[in-house]
Amino acid sequence: MHTMRKSAYKSGVAGKSNALKSAARARRFRRRLLAWYYAHKRDLPWRENRDPYRIWLSEIMLQQTRVAAVVGYYAKFLQRFPSVEKLAAAREESVLAAWSGLGYYRRARMLHAAAKVLVKAHGGIFPNTSEDLKKLPGIGRYTAAAIASIAFAQPVAVVDGNVERVLQRIAGREISGEHLWEEAQAILDPSQPGEFNQAMMELGATVCVPGQPLCHSCPVHSSCATRGPRQSAGKALRLRKREISYMLRRKSGSFFLVQRAKNAKLMPGMWELPELADKQFGKSKALLVLRHSITVTDYRVKVVEDITPEVVLNPSTGKWIQEGRLAQLPLTGLTRKILRSLKML
DNA sequence: CATACGTGGAT
DNA sequence: TATCCAAGTAT
């Protein structure tokens, strides 16, 4: 049996929620939500068991990433790194290669770093409390609570984007910062925290969605103060626009690729097609033009055939890579997308 | 507390 | 086409 830390859930024990004003209402909410969850939950691969390694991996992959995008990566990653020991023993480049295309590559580096800590300092055994899990690289407050509740049944609530939206709609008002965590903890069913947390997120992801929520299908609509769209507090951040061109050099089954600087802020150490100097955009015939956005910039991307190499920005870091080796290399998502568009991957 | 970090599907 | 935004974390 694991040790509970008072600080981790003290605010919830009294069951004081502003969103659900009485204990009776909170109980009804829990009962209806969980009944709905058991009947409607999606059959997802990380719900097969409570293996903390599998739960952990799923939670890291799901950070800011849709379920649909994760499912395929999850299966392949588990096949490649079936245990925390295997992951810890791997080279970082292999881990990044398995992550290539999923985005937010820092997650993969921190996952790898955390695996090494787990094996070296914890004998490969996962801490079973939110507080201790949070000490590992890449595990913040949300992920720590998710793993602790799902894998170890620790009664700690999670707050992610889904839970935040559900709580706001239920309460019918803005809730922010620490108050969100207090509300979530107050509503949590402490007897089945992992299922309850997942039920809240499932509701937010499939019913209580942004925009037009499916209130007619909602198991807790009678508890809800909003029952409809919220006024969006839209903080539309403008994407910068930029043009960029890459060169495709191909020779007897090999591609010429360059490695990004190890200390680059964006995708350090990952491999991509050689980039051409800015002024080269539009000067030669495009093999392919596509759009691609990377965090805060919206790129118009042009891929040209092999032309004068002196306009290549960073040729010295380049290498000829055999076609068959591409899968083992940490390619950027954009490079992957380009090669796939050209049927070369 | 604001910002950067990737990508692709939904609206 | 343009914008939103998804099971967040680190700085």
Side-chain angles (χ1 to χ4, degrees), chain A residues 37 41-42 44-47 54-74 96 99-111 113-114 133-151 157-166 176-178 180-181 184 194-206 208-213 229 232-241 260 264-268 270 272 290-301 330-338 340-341:
Chain A
Y37 178 67
K41 69 177 176 180
R42 291 168 290 178
L44 300 173
W46 45 89
R47 289 179 176 163
R54 295 173 56 105
I55 304 297
W56 171 48
L57 178 63
S58 74
E59 290 300 338
I60 300 297
M61 283 191 167
L62 286 163
Q63 288 170 3
Q64 295 291 286
T65 308
R66 291 176 190 282
V67 165
V70 167
V71 171
Y73 278 88
Y74 184 75
L96 284 170
W99 206 271
S100 169
L102 195 56
Y104 285 140
Y105 299 99
R106 194 166 51 186
R107 293 183 296 176
R109 297 174 202 279
M110 291 188 297
L111 185 84
L133 285 161
K134 195 173 180 305
K135 294 171 183 165
L136 293 166
I139 299 187
R141 187 172 182 180
Y142 161 80
T143 304
I147 299 170
S149 63
I150 297 170
V158 300
V159 175
D160 74 332
N162 291 308
V163 174
E164 175 172 352
R165 185 172 55 255
V166 170
S176 63
E178 192 59 28
L180 281 166
W181 292 89
E195 300 299 297
F196 182 89
N197 279 335
Q198 292 185 80
M200 287 286 280
M201 295 190 281
E202 190 89 350
L203 187 72
T206 63
C208 195
V209 294
Q212 286 293 331
S232 63
K235 48 166 183 183
L237 63 106
R238 285 254 170 272
L239 283 186
R240 295 174 43 195
K241 295 185 193 305
R260 299 177 60 83
K265 291 198 171 164
L266 190 67
M267 300 176 279
M270 298 189 69
E272 60 188 355
L290 51 80
R291 281 172 21 100
H292 188 78
S293 57
I294 298 177
T295 63
V296 294
T297 307
D298 191 9
Y299 291 92
R300 202 158 70 92
V301 180
L331 303 176
T332 67
L334 175 52
T335 296
R336 186 168 292 282
K337 188 197 244 180
I338 290 169
R340 208 183 322 129
S341 302

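Chain letters run A, B, ... following the sequence lines, proteins first, then strands; residues in each count from 1.
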[X] near the nucleic acid: base, sugar-phosphate alone, or nothing, with a heavy-atom cut-off under 4.0 Å?
X: Leu102(A); result: base
X: Ala205(A); result: sugar-phosphate
X: Trp46(A); result: base
X: Ser58(A); result: nothing
X: Gly211(A); result: nothing
X: Leu111(A); result: nothing
X: Met61(A); result: nothing
X: Gly204(A); result: nothing

Q.
Closest approach to the side chain of Arg66(A), judged atom by atom: which nucleotide of dT9(C), dG6(B), dA6(C) is it?
A. dA6(C)

Q | Thr143(A) side-chain proximity, nearest of dC5(C), dG8(C), dG6(B) | A | dG8(C)

Q | Stepwise side chain to side chain contact (heavy atoms under 4.5 Å, CB included) test for Val158(A) and Val163(A) | A | CA-CA 7 Å; Val158(A) 300; Val163(A) 174; 4.2 Å; yes

In whole angstroms, how far is the [atom2] atom of [N] from the [atom1] atom of [X]?
X: Ile294(A); N: dA4(B); atom1: CD1; atom2: C1'; result: 13 Å
X: Asp298(A); N: dT7(B); atom1: CG; atom2: P; result: 13 Å
X: Leu266(A); N: dT7(B); atom1: CG; atom2: C1'; result: 12 Å
X: Arg109(A); N: dA4(B); atom1: CZ; atom2: P; result: 19 Å

Taking the [atom1] atom in each of [N] and [M], what is the distance between them to the nearest angstrom?
N: dC5(C); M: dG6(B); atom1: C1'; result: 13 Å
N: dT3(B); M: dC4(C); atom1: P; result: 15 Å
N: dT9(C); M: dG8(B); atom1: P; result: 23 Å

(Q) Do Ile338(A) and Leu290(A) have side chains that approach each other closer than 4.5 Å (heavy atoms only, starting at C-beta)? (A) yes

Q.
Does any part of the side chain of Trp46(A), heavy atoms only, come nearer than 4.5 Å to the side chain of Val70(A), both counted from C-beta?
A. yes

Looking at [X], I'd like to know whether one of its side-chain N or O atoms comes within less than 4.0 Å of OP1 or OP2 on [N].
X: Gln64(A); N: dG8(C); answer: yes
X: Lys337(A); N: dG8(B); answer: yes
X: Thr65(A); N: dT7(B); answer: no

